[in-house]
S.K.: 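The structure that follows is given in the form of structure tokens.
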Amino acid sequence: MSPAIQIAGLSRSFGDVVAVDGIDLSVEPGELFSLLGPNGAGKTTTIKMLCCLLRPTSGTATIMGHDIREDPLAVKRMIAVSPQETAIAEFLNARENLSLMAGLHGIDKVRTRERSDELLEIVGLTDRADERVKKYSGGMKRRLSIAMALVSEPQVLFLDEPTIGLDPQSRRGMWEHIAGLKGDTTIVLTTHYLEEADALADRIAVIDEGTVIALGTPGELKAGLSEAAVTVVEVEHMTDEALACLREIYPVLRTIEGGVEIEADDVSVYAIGDCLRPFGIEIQSAYKRKATLDDVFLELTGKELRE
Amino acid sequence: MRYAELAKRNFKEVWRDPLSLALTIGLPVLMLVVLQALGGADEFFEATSLAPGIALFGFVMLMFSAAMTISRDRESALFSRLLTTPLRSSDFVAGYSVPYLPVAGIQAAVIFGIGVLFGLEVAGSILLVMLVLLLVAILFIALGMIIGALFTFKQVPFAYMVILLLAIFGGAWVDIEAIGGVFKTVGDLFPFAHALAAARDVMLDGAGLGDIAGDLYWVLGYTVVIVGLAVLAFRHRMLE
């Protein structure tokens with residue numbers, strides 16, 4: 001089977017700033033593929049090029065065989081997008097907003113009605129479906145905005161940070177729904193929530209500074225980490241000087257509430273103690289835990305995902 | 001017919017904003033009534049001479065609301081969302097323009113209806129007058145499309161002022177025939193004086209289609225060009 005999305009050397013610059021720098025990726029039909037990276041990594045710029053909103057500086061991509069440069073209209077017939085920002089028509093009610101998107105994609109009235117009922121239920125807006133969305137709370141608008149991407153039952157669905165601004169309960173509900181689409185719909189999901197990528201994605205591309213720095217299933221990415229996983233060292237209080245000393249021995253390190261986490265194959269509690277003692281800091285506990293995608297990201301980029 | 005879905009949404013957007021709708025229809029009517037009262041017996045201030053110019057003024061207001069709607073949409077994420085749907089730039093122009101046509105029709109009907117109360121008479125064919133006005137309405141709405149597609153929400157009022165001044169000094173409300181000279185030469189290059197002349201000729205002198213063809217071509221030519229430019233303006237917005 002030919003891939004649903006084939007990206008080749010895709011790049012985009014804004015003046016001197018290279019936002020996306022030669023990305024090559026291939027997404028299989030029905031796959032849920034996640035672009036994971038910090039803000040400004042180039043995820044949204046990539047999505048915008050794939051949706052024919054931004055012209056690539058070089059390289060190209062095909063969506064279901066249609067080239068984004070050559071035939072944007074054919075691409076747009078295949079896709080739906082949930083943008084990062086809430087994108088709704090304020091003077092319409094929820095049902096009308098859904099009908100608008102369905103109509104623009106040529107879905108017939110009966111199917112639109114069925115899909116709208118189903119989606120309104122999922123996003124918890126059934127009771128207020130006929131009310132103008134102007135009066136909705138921020139969370140309600142956000143939920144409607146995501147539902148608008150789902151109503152046209154696209155072959156390829158782009159979800160740009162879909163659960164940003166959702167309460168935990170709605171987020172769970174949205175995850176369930178997205179997971180249910182897997183297999184039928186090809187989904188590209190950008191996120192900086194690791195739990196989200198971990199829970200939903202078949203494969204993840206870790207993106208930093210416009211390039212793909214790692215690619216694999218969540219399991220593969222975590223398995224690629226050093227055996228020793230992560231050492232958590234808890235102390236009462238940490239000073240900058242002690243931290244600087246630790247960083248010299250263990251460059252991949254992050255501060256957490258009440259201590260530090262160190263990623264290294266061979267961590268010596270004695271060496272840590274030697275760093276802390278001169279500053280009167282005592283180790284309260286030290287233990288190892290399993291690696292998470294957070295750790296993968298830190299090891300790959302030297303940065304934390306959430307700043 | 002995808003544009004129809006967009007038009008439906010914009011139609012609701014227009015009709016669910018009663019304040020701006022009231023202004024668009026109410027202001028020209030107010031203008032007609034006030035000018036009528038001020039003018040007394042002067043021929044220029046008779047309803048029959050005033051009505052076409054005031055209808056034109058109403059269309060300029062439509063241009064303004066259309067431009068505002070588009071520039072406001074462009075600043076919201078909804079517009080980028082619309083750009084990811086299979087709409088062509090001509091669909092965008094049609095989808096944003098068509099909802100304003102019934103408003104233009106109502107404006108003209110109300111202005112002429114009230115004009116009749118003040119003694120407005122149409123010597124020629126009222127259908128012909130409406131045809132002229134329809135062309136002008138499309139022209140101004142398309143100008144609104146261009147302004148809305150190219151300028152930001154804050155810049156729209158300035159662009160509006162420029163068009164308004166062009167319309168005024170292009171002969172929409174200034175009698176360039178009477179002033180003559182450079183004024184007339186320049187004014188004749190714009191479509192506004194031609195539109196008004198055509199409408200007045202039909203209303204006052206009972207001119208037929210053949211009599212006003214020359215003026216009508218000017219208006220038609222401008223309308224076609226401006227609609228074409230509006231499509232290009234949207235195409236320019238579609239891919240950055």
Side-chain angles (χ1 to χ4, degrees), chain A residues 12 14 44-45 47-56 63 66 68-69 71-93 96-97 99-107 109 112 132-134 141-142 144-146 148-149 152 154 156-158 160, chain B residues 1-22 24 65-66 68-96 98-100 103 148-149 153 231-232 234-240:
Chain A
R12 170 73 197 211
F14 297 96
T44 299
T45 306
I47 297 278
K48 282 190 170 167
M49 285 191 280
L50 295 178
C51 299
C52 312
L53 287 176
L54 271 179
R55 199 192 303 272
I63 311 268
H66 303 286
I68 55 166
R69 281 167 171 268
D71 199 357
L73 212 57
V75 171
K76 289 175 183 182
R77 289 200 185 98
M78 301 286 149
I79 64 169
V81 190
S82 170
Q84 212 174 103
E85 310 85 13
T86 299
I88 54 176
E90 299 261 338
F91 277 93
L92 304 185
N93 65 37
E96 288 167 338
N97 266 289
S99 301
L100 170 67
M101 295 316 292
L104 290 175
H105 283 281
I107 310 287
K109 284 211 165 64
T112 300
R132 276 189 213 173
V133 302
K134 217 175 162 60
K141 288 181 180 176
R142 184 77 203 129
L144 173 64
S145 182
I146 299 163
M148 283 164 73
S152 60
V156 180
L157 178 62
F158 294 97
D160 195 359
Chain B
M1 297 295 275
R2 288 181 204 274
Y3 86 89
E5 293 296 329
L6 180 60
K8 218 156 63 181
R9 175 258 169 176
N10 290 327
F11 188 77
K12 287 171 186 158
E13 200 91 356
V14 172
W15 288 92
R16 288 177 184 179
D17 191 1
L19 184 69
S20 76
L21 200 62
T24 325
S65 4
M68 290 297 254
T69 304
I70 296 167
S71 65
R72 197 184 50 212
D73 267 6
R74 273 184 38 227
E75 277 163 41
S76 81
L78 180 70
F79 194 76
S80 353
R81 164 163 252 163
L82 293 176
L83 289 180
T84 65
T85 66
L87 284 170
R88 296 164 199 271
S89 52
S90 52
D91 292 325
F92 274 99
V93 173
Y96 276 103
V98 168
Y100 287 99
V103 185
F153 191 62
V231 173
L232 289 181
F234 267 93
R235 187 164 300 162
H236 168 72
R237 274 294 160 225
M238 289 179 77
L239 194 59
E240 282 169 49

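Naming convention: chains lettered A, B, ... in sequence-line order (proteins, then strands); numbering from 1 in each chain. All of these numbers come straight from a predicted model, not from anything done at the bench. All values below were derived from every heavy atom in this structure, side-chain atoms included, with hydrogens, water molecules and symmetry-related copies excluded.
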S.K.: Is it the case that atom CZ in A:R77 sees more than 12 heavy atoms from other parts of the structure closer than 6.0 Å?
M.R.: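 More than 12 within 6.0 Å, yes.
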S.K.: Using a cut-off of under 4.5 Å on heavy-atom pairs, state which of B:A4, B:S80, B:P86 scores highest against chain A.
M.R.: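 Winner by heavy-atom pair count: B:P86.
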S.K.: Less than 4.5 Å apart, side chain to side chain, heavy atoms only: is that true for A:R12 and A:R55?
M.R.: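 Side-chain contact under 4.5 Å: yes.
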S.K.: May I ask you to decide whether B:R2 forms a salt bridge with B:E5, counting only side-chain N to carboxylate O separations under 4.0 Å?
M.R.: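 Salt bridge between B:R2 and B:E5, a charged N being under 4.0 Å from a carboxylate O: no.
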S.K.: With a 4.5 angstrom heavy-atom cut-off, which part of A:A80 approaches chain B: side chain, backbone, both or neither?
M.R.: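 Neither; nothing under 4.5 Å.
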S.K.: Given the options A:I79, A:L73, A:V75, which has more heavy-atom pairs under 4.5 Å with chain B than any of the others?
M.R.: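 Most heavy-atom pairs within the cutoff with chain B belong to A:L73.
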S.K.: Find the distance between CD1 (A:I63) and NZ (A:K76) and round it off to the nearest 0.5 Å.
M.R.: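 Going from the CD1 atom of A:I63 to the NZ atom of A:K76 covers 12.5 Å.
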S.K.: At a heavy-atom distance under 4.5 Å, which candidate from A:M148, A:Q84, A:K48 has the highest pair count against chain B?
M.R.: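 Answer, by heavy-atom pair count under 4.5 Å with chain B: A:M148.
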S.K.: With a 4.5 angstrom heavy-atom cut-off, could you sort out which part of A:E96 is near chain B: side chain, backbone, both or neither?
M.R.: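 When you check distances to chain B, only side chain atoms of A:E96 fall under 4.5 Å.
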S.K.: Measure the acute angle between the ring planes of B:F92 and B:Y96, then classify it against the limits of 30° and 60° as parallel, tilted or perpendicular.
M.R.: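 Ring orientation, 0 to 90° scale: parallel.
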S.K.: Under the criterion side chain to side chain contact (heavy atoms under 4.5 Å, CB included), I'd like the reasoning laid out for B:K12 against A:L100: C-alpha separation, chi angles, the key distance, then a yes or no.
M.R.: CA-CA 12 Å; B:K12 287 171 186 158; A:L100 170 67; over 6 Å; no
S.K.: Heavy-atom pairs under 4.5 Å with chain A are the metric here; pick the option from B:D73, B:D91, B:L6, B:L83 that has the most.
M.R.: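 Most heavy-atom pairs within the cutoff with chain A belong to B:L83.
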S.K.: Side chain, backbone, both or neither: which part of A:T86 has a non-hydrogen atom closer than 4.5 Å to chain B?
M.R.: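 Contact with chain B is through the backbone of A:T86 alone.
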S.K.: Is it the backbone or the side chain of B:S76 that comes under 4.5 Å from a heavy atom of chain A, or both, or neither?
M.R.: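 B:S76 has no heavy atom closer than 4.5 Å to chain A.
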S.K.: Under 4.5 Å from any heavy atom of chain B, what part of A:L92 do you find: side chain, backbone, both or neither?
M.R.: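 Both backbone and side chain of A:L92 come within 4.5 Å of chain B.
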S.K.: Does a side-chain N-to-carboxylate-O contact under 4.0 Å join B:R72 and A:E90?
M.R.: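 A:E90 and B:R72: not salt-bridged.
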